[in-house]
Each structure stands twice: as C-alpha cells, then as structure tokens.
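Sequence lines set the chain letters: A, B, ... in the order given, protein chains first and strands last, and positions in each chain run from 1.
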Number of protein chains: 2
Amino acid sequence: MIPDDVVSPLPSQRALGDLVTDVLREMITGGRFQPGQHLKETELAEALKVSRGPIRQALARLEEEGHVELRRHRGAFVSTLTRTDVEEVHTLRGAIERLAAGRACTRMQGAGFAEMDEVLEQMKSVDTKIDPEDAVRLDLQFHDIIYAYCDHSRVQRVWESIRGQVTVFLRARNASFPDFLEVGYSEHKELRDALALGDPQAAQDGIDKHILGAYERLKRLNLPDR
Amino acid sequence: MIPDDVVSPLPSQRALGDLVTDVLREMITGGRFQPGQHLKETELAEALKVSRGPIRQALARLEEEGHVELRRHRGAFVSTLTRTDVEEVHTLRGAIERLAAGRACTRMQGAGFAEMDEVLEQMKSVDTKIDPEDAVRLDLQFHDIIYAYCDHSRVQRVWESIRGQVTVFLRARNASFPDFLEVGYSEHKELRDALALGDPQAAQDGIDKHILGAYERLKRLNLPDR
DNA sequence: CAATGGGTAACTGTTTACAATCTACAGTGA
DNA sequence: TCACTGTAGATTGTAAACAGTTACCCATTG
C-alpha cells in the first residue's frame with residue numbers, strides 16, 4: 001500500500017462538466033459576472049479551454065440551482081436576485097432543514113456534535129477577526145453537518161441545489177449588517193443545544209426559529225421585486 | 001389581438017432533450033425497462049432517432065429524478081426501488097407538500113377549489129369503473145393543484161423531481177391493495193376540506209395526516225432494502 | 001413620426017465523427 | 001487460489017459543421 005502523500009493527484013477523476021459547474025458557480029456567486037449578463041457558450045468554452053459540451057452541461061445545472069436563466073435559442077443569463085427568490089429559498093430551506101434536523105438529531109450521536117462544536121469554536125473566535133468570508137464559510141459548514149447526518153440523499157440534493165443561493169444571501173447579509181458577525185455564534189449555539197436534546201420536535205422548532213430569524217433579517221435588504 | 005383559441009400550436013418549440021426525457025421517463029415508470037437494466041446511449045439514440053446529445057441531457061435529468069443511476073464511464077442503469085427510496089420520497093414529499101399546502105390554502109380561492117372538486121367528482125365515479133390507471137392520474141392531478149396554487153417555483157420543481165417516483169408508488173399500491181380505490185375519494189375529500197378552512201396550520205396538519213397514511217400503506221409492500 | 005417588414009448577424013440546438021479514457025472480465029503466471 | 005496484465009467494449013470528451021431561431025438594424029410606408 002502506497003501512502004497518499006507520495007502519489008501525485010491525478011488530473012481529475014470527476015467529469016469535466018462537474019468541474020466547469022463549480023468554476024462557473026463560484027464566478028457567479030463571487031460576483032465576477034454582472035446580473036443579467038449574457039453568458040455565451042462559445043466564449044465560456046474558449047475561456048475555460050473546454051468544448052461546448054461540458055459548458056452546456058454546467059449551464060443546465062446552474063439553471064436548476066437558479067444561478068442562470070436559460071432562454072431557448074438565446075442562451076444563459078446571470079440571474080438577478082429578487083425579493084421573491086429570497087422568500088422562496090428561505091421557505092423551501094425551512095421545509096427541508098426542518099426535516100433534516102428532525103432526523104439528524106437522533107443520528108448525530110457524539111461524532112456529529114463534536115464536528116458542530118468545532119465549527120462553533122471557530123465562530124466564537126471569528127468575532128475578533130471579523131472576516132465576513134469566514135463567517136459565511138462557517139455558517140454553511142454548520143448547516144452542512146445537519147444535512148450530512150440526516151441520512152437522506154434526496155434532501156441533501158435539494159440542499160445542494162439551493163446552497164449556492166444561500167451563500168449569496170449570507171454574503172449580502174454580512175455586507176449590509178456587519179453586526180451579525182457577533183450574534184452568529186450565539187444563534188447557532190442555541191440551535192445546537194436544541195438538537196442535542198435528541199427530540200425531533202424540539203429540533204424542528206429550533207430550525208423554524210433559526211431560519212425565520214435569518215429570513216427576517218434578509219427581508220430588510222433592498223432588493224428588486226422581480 | 002388574436003385569441004389563443006384560434007392559433008394552432010407550432011410543431012413543438014420544446015427542446016428535443018425535454019421530449020426525450022418525457023419519453024424515457026414514461027418507458028421506465030411504465031415498466032418497459034427492467035430495474036437494473038443497462039441503458040446505452042448509442043442504443044437509445046438509435047431507437048429514438050436522435051443523436052447522443054439529447055439522450056445525455058435526458059439521462060442526466062432522469063438521474064436527478066432518481067429513475068436511473070449514472071455510473072461514470074459505465075453508463076445509465078434503471079434504478080431499483082428500495083425501501084429507502086420509499087421512505088425518502090415520502091418524507092421529502094411530506095416536507096414540501098406541507099409548505100405548498102400552507103401557501104395554497106390562502107391562494108386557491110374559488111378557482112382552485114373548483115378544480116379540486118372536479119377531480120373529486122371523478123374520483124367518486126372511479127369507484128365503479130375501477131381502472132387503476134385512472135386512480136393514479138386523478139390522485140396526481142389532485143396534488144398537482146396544490147403545487148400549482150402554492151405559487152412557489154422551487155417547491156414546484158422539487159415536486160416535479162419526485163413526481164415520477166410517486167407515480168411508481170401509486171401504481172404499486174393500486175396493484176397490491178385494490179381496495180384502496182374505494183377510500184381514495186374520502187381521503188382526498190377530507191384533505192380538501194382541511195384546505196378550505198383557509199388556515200395554513202390546518203392545511204399542514206391535513207397534509208401530514210394524508211402523506212403519513214399513504215406511507216404507512218406503502219410500507220406494507222415487500223421491497224428490497226437496497 | 002410610428003408601424004411595418006426585410007434582411008442580416010449571431011447564437012443556440014442538433015448531428016456526426018473521432019480521440020481519449022475507463023471498467024469489467026478473461027487470461028496468464030506464480 | 002491469488003494477483004497481475006491485457007484487451008474489448010463502452011462511455012466521456014472534443015471538434016466541426018449545419019440548421020433553426022432570435023434580436024436588431026434599417027429602409028419603407030402610411
């Protein structure tokens with residue numbers, strides 16, 4: 001058995017289309033493209049040094065995730081975030097995370113809570129550093145744990161399909177309400193304790209409260225109606 | 001302005017890939033392919049007289065809907081329905097339909113309930129004819145109305161992604177429990193009345209009860225664990 | 001000046017063909 | 001029997017070309 005350290009990682013065992021999807025998603029959520037911008041397959045293919053096939057695959061996925069809008073014979077356009085999107089993402093997320101938490105709270109055992117506590121520790125220390133991007137990363141990491149332990153492939157998939165947009169919201173929130181960095185820890189700690197009761201009902205109530213709070217804050221953002 | 005009634009619909013402005021998706025989905029859920037069967041892109045392309053492009057697009061979608069399993073460099077395999085699948089689909093459906101019903105009950109107004117009553121009328125008369133396929137169609141139609149009126153594109157999309165598998169379950173249920181055809185009407189009538197109260201909480205409770213009942217029945221089916 | 005209609009350019013949708021890559025499986029040898 | 005090797009078959013990735021459509025410009029018309 002050869003240790004992992006000495007083997008140089010192979011070019012990529014993932015499908016090219018998946019890689020392209022990740023790259024484009026990051027470029028969109030990272031603000032490298034303007035909302036409404038026309039993404040042309042040929043240009044993207046040239047820029048990323050791949051053919052149009054993987055590009056089309058990626059754009060189809062990004063459309064499912066709501067990052068681009070596909071218009072027949074017109075192409076892909078970067079989505080504009082509307083008030084409706086914020087509402088839909090939050091209500092849907094509330095519905096599935098409620099389910100996820102109810103299942104996860106009885107499956108996380110020690111290991112899951114250990115992972116959570118590690119994230120919480122970092123959240124506490126972030127208060128002093130105040131790097132918004134770290135706050136976003138930790139927030140997502142915390143919730144990823146819930147989805148990982150809920151043991152439900154379909155719920156996980158739905159989460160992945162809205163995760164990118166949630167990321168955008170979190171960034172927008174941090175940009176508009178920098179004071180949130182301070183309450184991030186306490187809110188998540190509260191949710192962790194609710195899960196730790198091991199009672200699905202308590203876990204679900206905890207999620208309802210948590211997601212609702214996030215939504216209420218975000219609603220104060222100034223977004224176009226459509 | 002020319003009214004919609006007089007214009008004949010154009011040949012088909014849908015993408016070929018979408019058509020292929022529908023055809024393949026129907027073939028799989030209709031039992032034309034054996035579970036576990038290896039679907040080869042080239043064969044499908046030849047059979048449907050299209051190129052591999054649309055086939056790949058269709059297989060990617062069907063994988064998201066859980067009808068086929070895609071193994072890298074191996075191809076597509078028709079999914080085998082397991083006990084886990086039944087559980088996942090029902091719990092996820094419960095979560096989103098709960099949300100959908102809470103929203104729909106205040107948005108359906110007269111028109112929505114009129115549509116529902118029409119479906120209910122047909123359900124009542126099905127009792128005498130006993131065509132299982134009609135029962136499946138009406139059951140789906142009833143719930144489609146809830147999703148249509150919930151005014152939530154993302155929830156609708158999730159529903160579409162599991163709708164095919166729900167169809168499979170309904171068919172299996174009717175095959176194993178033909179007596180269900182008789183209680184179908186009353187259960188849906190009960191749900192309709194809960195929605196008619198216009199109270200989101202009551203609507204959600206109605207859904208919980210309805211979906212749970214469906215799940216309990218289906219669990220009695222003899223399915224492989226995985 | 002607004003509305004109509006032709007024409008064009010650009011892009012996507014689809015097909016075809018080929019190269020690269022990977023998996024499974026049978027065969028080989030110890 | 002076990003591990004390794006090689007090959008066949010299949011899929012993925014790439015490339016090029018054509019067809020269909022859309023948007024836009026612009027001259028024409030009333």
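Across the protein-nucleic acid pair, A:Leu70 atom CG and D:dT22 atom C1' stand 15 Å apart, rounded to whole Å. Separating the CG atom of A:Leu39 from the P atom of C:dC11 is a distance of 13 Å, rounded to the nearest angstrom. In this entry the distance linking CG of B:Leu48 with P of C:dT15 reads 11 Å, nearest Å. Atom-to-atom, CZ of B:Phe77 to C1' of D:dT11 comes out at 11 Å; the value is rounded to the nearest Å. Separating the CZ atom of A:Arg71 from the P atom of D:dA23 is a distance of 8 Å, rounded to the nearest angstrom. One atom, NZ of B:Lys40, and another, C1' of D:dA8, lie 13 Å apart when rounded to the nearest Å. With rounding to whole Å, B:Leu16 atom CG is found 13 Å from D:dG20 atom P. For the pair B:Arg72 CZ and C:dT21 C1', the computed distance is 9 Å after rounding to whole Å.
Legend: residues meeting ring-ring contact (aromatic ring centres under 6.0 Å, His included) with B:Phe33, ordered by chain and number and at least two apart, are absent. Applying the side chain to side chain donor-acceptor pair (under 3.5 Å) test to B:Arg103 and every residue at least two apart in sequence or in another chain returns A:Glu87. For A:Arg93, the side chain to side chain donor-acceptor pair (under 3.5 Å) partners two or more places apart in sequence, or in a different chain, are A:Glu97, A:His143. Evaluation of the side chain to side chain donor-acceptor pair (under 3.5 Å) rule for A:Gln109 yields no partner, not counting sequence neighbours. Partners of A:Arg192 according to the side chain to side chain donor-acceptor pair (under 3.5 Å) rule, which considers only residues two or more places apart in sequence or in another chain, are A:Asp117.
Among the nucleotides D:dT21, D:dT12, D:dG13, the one closest to any side-chain atom of B:Glu41 is D:dT12.
The backbone N or O of B:Ala203 lies less than 3.5 Å from no partner atom in the side chain of B:Arg98, so there is not a single donor-acceptor pair. Looking at B:Thr80, its side chain never comes within 3.5 Å of a backbone N or O of B:Pro35 through a donor-acceptor pair.
Distances shown here put a side-chain N or O of B:His38 below 4.0 Å from the OP1 or OP2 atom of D:dT11.
Using a 4.0 Å cut-off on heavy atoms, the residues of residues 49-66 of chain A that approach DNA chain C are A:Arg52, A:Arg56, listed by number.
Nearest-nucleotide positions on DNA chain D place A:Gly17 closer to the 5' end than the other of A:Gly17 and A:Arg74.
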